[in-house]
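Below is one structure; the comments refer to it alone.
Chain letters run A, B, ... following the sequence lines, proteins first, then strands; residues in each count from 1. Computation of the quantities below employed the complete heavy-atom set of this structure, encompassing side-chain atoms and omitting hydrogens, waters and symmetry-equivalent molecules.
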Amino acid sequence: MFDLLGEILATMKRNKMRSFLTGFAVAWGIFMLIVLLGAGQGLQNGVKSEFEGRAINTVTLYPGRTSVPYKGYRSDRRIRFDERTVEFVRTNIPEVGYLSAGFSYSPTSVAYGKEYGTWQLYTGTQDHVKFEHMLFPKGRFINEVDMQQRRKVVVIGKTVVEALFKNGEEPLGKQIIIDGIAFQVIGVYEKPFGQSFSEPMYTPLSTALMLYDRGWGINQIEFTVEGIDTEEKADALSERVRAKMGAYLGFDPADTSAMYVRNSAKDAIQTFRIFGFINMFLWVIGFACIMAGIVGVANIMLVTVRERTREIGIRKAIGATPWSIIRSIIIESIVITTVAGYIGIVCGMGVTELISRGLNAGGGGGQMPFKDPTVGLGIVFSVLLLLVICGVVAGLIPALRATRIRPIEAMRAD
Amino acid sequence: MIKIRGLNKTYNLGLPNALHVLKGIDMDIAAGEFLSIMGASGSGKSTLLNVIGILDNYDTGEYILDGTLVRGLSETRSAELRNHKVGFIFQSFNLISFKNAMENVALPLYYNGVPRRKRNELAMEYLEKLGLGAHAHHLPSELSGGQKQRVAIARALISRPSVILADEPTGALDTATSREVVEIMREVNRTDGITMIIVTHELAVSKATDRIIYLRDGLIASDEHNPNPVIEF
């Protein structure tokens with residue numbers, strides 16, 4: 001084997017310039033493939049990071065108005081969600097994982113001592129943190145006991161802390177007055193992704209229903225589901241939920257305006273399917289680039305074989321078998337493609353790595369959904385495998401031509 | 001050693017421009033013979049040599065080399081037979097230009113699966129024997145015609161073949177060098193006992209051999225014993 005490589009390197013050295021140019025075409029093709037795949041990966045990572053912190057498979061139910069009469073009920077009837085509806089969803093839909101529900105309330109004033117302002121008050125269950133990614137530098141989120149005892153507790157954002165608690169006063173445990181009712185601050189949260197200018201305050205659903213429900217009820221119920229990985233499953237789940245809710249609240253399951261079901265699993269599946277297409281497309285383009293390189297290698301190998309007709313004839317006369325000729329030409333081709341391809345991979349990885357660094361230094365890409373455009377080791381290995389296959393393909397036709405060389409004629413030619 | 005019966009060879013068989021080159025050759029060559037085949041160009045002597053060297057096939061008749069019937073062999077089998085049983089010496093040397101003398105000599109052993117160190121040692125040994133030890137690392141382009149032909153002889157010898165076939169070995173050489181090459185071939189034949197078949201149209205070369213076969217129009221015109229071989233150029 002070592003001997004064989006020595007033989008091949010000796011013949012390659014004869015034509016340094018040609019071997020280099022051939023290799024360059026392959027290196028360029030691989031470089032393009034890596035950069036393209038890196039770009040695709042960057043786009044995917046960017047969009048994924050926007051999804052990050054949110055449970056991807058969530059179903060959200062919003063009450064609406066019926067548009068058709070149903071079982072004696074008139075049309076244009078308001079559908080109302082209340083605490084019992086939440087319990088119904090929790091106990092009657094087996095797919096439910098985490099569940100939260102709530103509505104928002106706009107208090108006229110939120111005060112602490114002499115300071116005051118106004119912020120939205122959102123409600124939720126203890127599971128709300130599963131739907132929205134929150135960090136707690138201080139304190140905690142609502143828990144089960146808060147829910148059961150309808151405690152008047154509140155979780156506030158940093159803007160509220162800055163506005164109400166001057167001179168670095170500790171907010172935890174303090175009472176803030178929301179529209180004349182005192183709430184105890186139990187936690188301060190931060191959202192790592194997506195700045196919201198008005199950071200809402202959170203209070204337990206049970207407490208809020210007791211204090212602020214003016215008959216409108218709850219305006220959304222959201223829950224996570226497991227194992228929804230195809231659009232068909234997502235649609236089927238939506239249909240099942242609609243049927244159960246229709247039976248419970250008295251509306252036609254086919255009446256989409258009575259209750260709106262948003263299934264984020266479906267969105268996620270569609271988004272990732274698009275990435276599947278983009279990735280495939282990039283592979284096709286990248287592969288076309290490599291194909292150009294392969295044709296170059298095959299072409300050069302053909303020229304080489306023609307030029308070496310005499311030499312191959314001599315080798316055959318002194319006992320080279322057809323297989324040994326084929327082998328040496330194909331291995332020469334593989335050596336050119338893999339060495340050049342390796343250089344292409346290294347350059348491509350270098351460029352994607354540089355872009356990635358640049359993006360990170362420039363503040364994480366800003367508004368662009370683009371992040372960490374580097375390709376994984378798995379892709380690199382499949383590209384290497386592709387290269388070897390390409391080397392064989394590129395060497396095959398020239399090698400077969402070489403075996404057809406007849407020694408007598410080859411040696412006669414000068 | 002070599003047994004040929006009724007050998008026929010036609011180029012472009014079945015075409016209007018068919019050329020019947022060998023028209024039924026019968027020939028027996030014993031081991032250790034030193035003979036020459038002569039004839040005008042077109043007499044079929046090179047074709048005969050190619051058939052004997054398994055570089056070309058034939059149409060009818062039979063050719064037995066060292067007990068093996070050579071007919072309809074696969075490319076691989078022919079290559080093996082050539083590698084083990086036949087050594088070639090050509091008019092135009094046919095050395096590989098980018099390999100030095102030693103590597104050229106060692107090449108048949110590469111195809112024989114001999115490890116590099118072993119085959120380079122052997123190649124050096126043969127080069128020394130032919131007085132080229134000092135030129136072992138020269139490329140063919142740095143050698144004179146006589147030196148190139150000696151390298152080619154060393155290459156033909158290294159796999160210890162049963163027969164060495166020489167096609168106009170002195171054709172590209174001046175008289176002094178021709179003499180030198182023929183002397184070496186004679187020497188190799190005597191010391192190693194390798195059968196030597198030389199195709200030539202130079203009378204001086206054939207006079208140095210023990211047996212002279214004349215070909216004319218694809219047939220053996222005469223087959224004479226030369227009782228008194230002399231090397232005279």
So, using side chain to side chain donor-acceptor pair (under 3.5 Å) as the criterion, who are the partners of B/Glu128 when residues are at least two apart?
none
A/Arg315, part contacting chain B, at a heavy-atom distance under 4.5 Å:
both
Contacts of residues 95-111 of chain B with chain A (heavy atom under 4.5 Å):
B/Leu95, B/Ile96, B/Ser97, B/Phe98, B/Lys99, B/Leu107, B/Pro108, B/Tyr110, B/Tyr111
I need the A/Arg404 CZ to B/Glu75 CD distance, nearest 0.5 Å.
11.5 Å
Around B/Tyr11, counting heavy atoms of other residues, nucleotides and ligands shown, do more than 12 lie under 6.0 Å from its OH?
yes
Inter-residue atom distance B/Asn112.CG - A/Ile318.CD1, 0.5 Å rounding
11.0 Å
Ignoring hydrogens, what is the shortest heavy-atom contact between A/Ala317 and B/Arg82? Give both atom names and the distance.
O-CD, 3.3 Å
Heavy-atom side-chain proximity of A/Ile314 to B/Arg155 below 4.5 angstrom
yes
Closest heavy-atom pair and its distance - B/Ala79, A/Ala320:
CB-O, 3.5 Å
Would one find more than 12 heavy atoms of other residues, nucleotides or ligands at under 6.0 Å from atom CZ of A/Phe275?
yes
Is it the side chain or the backbone of B/Asn94 that comes within 4.5 Å of chain A heavy atoms, both, or neither?
both
Residues of residues 51-72 of chain B contacting chain A, heavy-atom criterion under 4.5 Å, by residue number
B/Leu55, B/Asp56
Evaluate whether atom CZ of A/Arg327 has more than 12 neighbouring non-hydrogen atoms of other residues, nucleotides or ligands under 6.0 angstrom away.
yes
What residues, two or more places apart in sequence or in another chain, satisfy side chain to side chain contact (heavy atoms under 4.5 Å, CB included) together with A/Thr230?
A/Glu232, A/Lys233
Near B/Leu73 CG, under 6.0 Å, is it more than 12 heavy atoms from other residues, nucleotides or ligands?
yes
